[in-house]
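Just dropping this structure here.
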Amino acid sequence: MCVSESSVKRWCDCGAISSEKTLGGHRKITLDSLQLFLKHSQRKILFPQELGLPGMLPQREFSLPGKESVLNQKFRDCLARGDEDACRKLLHGLVAEGATRSEAVECLITDAMHGVGEAWSCHEIDVYQERRGCEIAMRMISEQRQLLPVIDDQAPIAIGGAPEGDPYQLPTALVDLTLREAGWNAVNLGSNLPMKSFHQAVADCQPRLAWMSISAIEDVEAFVIAQNQMADALGSDVALVIGGRALNDAVRPRLRYSAYCDSLRHLTEFATMIRLSAG
């Protein structure tokens with residue numbers, strides 16, 4: 001911002017910049033008042049260091065990769081900018097058009113978060129943008145879950161989460177939403193869950209279905225051994241469903257499970273088949 005002293009005085013006198021008069025009759029402008037004026041007038045300080053302020057970093061230009069549809073591009077752009085209300089409207093609009101809640105979430109949120117993860121890994125966006133996007137996505141998934149009909153007391157139980165060493169909360173929250181929409185009394189145990197605790201939860205809750213969302217594996221050999229031991233201990237009465245981006249072609253064939261689902265649609269189909277066969 002390069003302006004004359006008289007302009008600054010005029011802005012103070014007309015109230016565009018809030019200021020106070022000192023005992024000596026000078027105008028005193030607080031930092032908050034200056035920043036508010038800059039925001040409203042879309043101006044920038046050219047030499048912030050002269051005011052004792054740190055230099056401002058330039059805004060980064062970026063775009064998130066993903067599906068090419070206009071709707072997906074709009075949603076990714078809103079999520080990248082942190083515009084939560086716009087994201088919510090787009091998601092609600094897709095549901096209003098006839099998509100199930102899990103379909104809408106998979107179409108928009110899953111696509112956008114894959115783009116966020118890819119952009120972050122390539123250092124195209126900052127850490128705060130990834131964190132902000134995750135928080136927005138989690139809130140919207142929780143909202144969609146609360147909008148589902150109340151689950152019947154006789155509904156079959158499903159429990160699951162992400163194993164120890166896997167910190168990602170979004171994938172297992174998506175599975176929880178999908179199963180509840182499919183009529184299951186789903187219980188999400190969250191992320192980073194030790195295998196022994198997972199097994200104890202099965203023993204305590206007596207579910208018909210258990211799921212493991214696996215987005216990260218710290219030690220492949222240890223995970224394969226623990227997962228197979230847990231799968232054997234479940235018995236034939238519990239269907240074990242696994243999925244997640246960490247289950248590549250080298251890991252998946254070494255695991256024991258009832259079904260591998262690479263999308264929420266496949267999960268819905270399998271869970272519906274199990275529920276109908278049981279009841």
Side-chain angles (χ1 to χ4, degrees), residues 101-102 105-106 109-110 113 131 134-135 137-148 150-220 222-247 251-252 255-264 266-268 270-272 274-275 278:
R101 299 190 188 281
S102 57
V105 163
E106 183 167 38
I109 294 181
T110 302
M113 292 311 299
R131 299 290 189 271
C134 286
E135 288 298 318
M138 285 296 292
R139 280 193 290 272
M140 288 193 292
I141 292 170
S142 178
E143 290 167 1
Q144 292 301 310
R145 188 182 191 277
Q146 293 173 10
L147 291 171
L148 291 173
V150 176
I151 296 296
D152 189 274
D153 291 339
Q154 302 303 313
I157 298 173
I159 65 172
E164 192 169 16
D166 185 340
Y168 295 98
Q169 301 180 42
L170 275 171
T172 189
L174 290 172
V175 173
D176 172 73
L177 170 67
T178 301
L179 290 174
R180 290 189 73 85
E181 190 166 29
W184 288 76
N185 181 8
V187 181
N188 180 17
L189 302 176
S191 60
N192 202 27
L193 182 70
M195 207 68 76
K196 288 184 178 180
S197 184
F198 191 100
H199 189 198
Q200 186 62 55
V202 172
D204 292 343
C205 300
Q206 296 293 302
R208 180 67 185 85
L209 182 150
W211 81 82
M212 294 186 68
S213 174
I214 308 160
S215 301
I217 301 176
E218 288 184 340
D219 184 329
V220 172
F223 171 77
V224 169
I225 292 172
Q227 195 275 343
N228 285 333
Q229 289 176 343
M230 193 271 295
D232 291 340
L234 290 181
S236 59
D237 292 335
V238 182
L240 176 60
V241 180
I242 64 172
R245 66 171 183 253
L247 298 181
V251 175
R252 192 172 64 252
L255 303 177
R256 289 194 277 277
Y257 50 86
S258 304
Y260 165 72
C261 297
D262 59 2
S263 69
L264 296 182
H266 291 160
L267 174 63
T268 299
F270 178 77
T272 300
I274 294 294
R275 185 168 62 84

Side chains of P156 and L209: does their closest heavy-atom pair fall under 4.5 Å?
-> no
Check against side chain to side chain donor-acceptor pair (under 3.5 Å), W211 and T172 | CA-CA 8 Å; W211 81 82; T172 189; 3.0 Å; yes
Taking the side chain as every heavy atom from C-beta outward, state whether R180 and Q144 have any atom pair closer than 4.5 Å.
-> no
Side chains of L255 and V224: closer than 4.5 Å at any heavy-atom pair?
-> yes
How far does CG of L170 sit from CD1 of I141, to the nearest 0.5 angstrom?
-> 5.0 Å
Mind checking whether R245 and Y168 have side chains closer than 4.5 Å, heavy atoms only?
-> yes
N/O donor-acceptor pair under 3.5 Å between R208 side chain and D237 backbone | yes
Between L174 and S102, is any pair of side-chain heavy atoms under 4.5 Å apart?
-> no
More than 12 heavy atoms of other residues, nucleotides or ligands under 6.0 Å from CG of D232: is that the case?
-> yes
Counting distance only, does the side-chain N/O of T268 pair as donor-acceptor with the main-chain N or O of L264 below 3.5 Å?
-> yes
Output for pair (L147 CG, L177 CG), nearest 0.5 Å, gives 10.0 Å
Rounded to the nearest 0.5 Å, what's the gap from CE on M138 to SG on C134? Could you check?
-> 9.0 Å
Is a donor on one side and an acceptor on the other found under 3.5 Å between the side chain of R275 and the backbone of A182?
-> yes
How long is the gap from CG on N228 to CE on M230, to the nearest 0.5 Å?
-> 9.0 Å
Does Q169 use its side chain to pair, donor to acceptor, with the backbone of G190 at less than 3.5 Å?
-> no
With the side chain counted from C-beta on, respond yes when Y257 and M212 share a heavy-atom pair under 4.5 Å apart, and no when they do not.
-> no
Looking at side-chain heavy atoms only, is the closest gap between I157 and Q206 below 4.5 Å?
-> no
Student check: side-chain heavy atoms of M195 and E164 closer than 4.5 Å | no
Return yes if some donor-acceptor pair links the side-chain N/O of N192 with the main-chain N/O of G165 below 3.5 Å, else return no.
-> yes
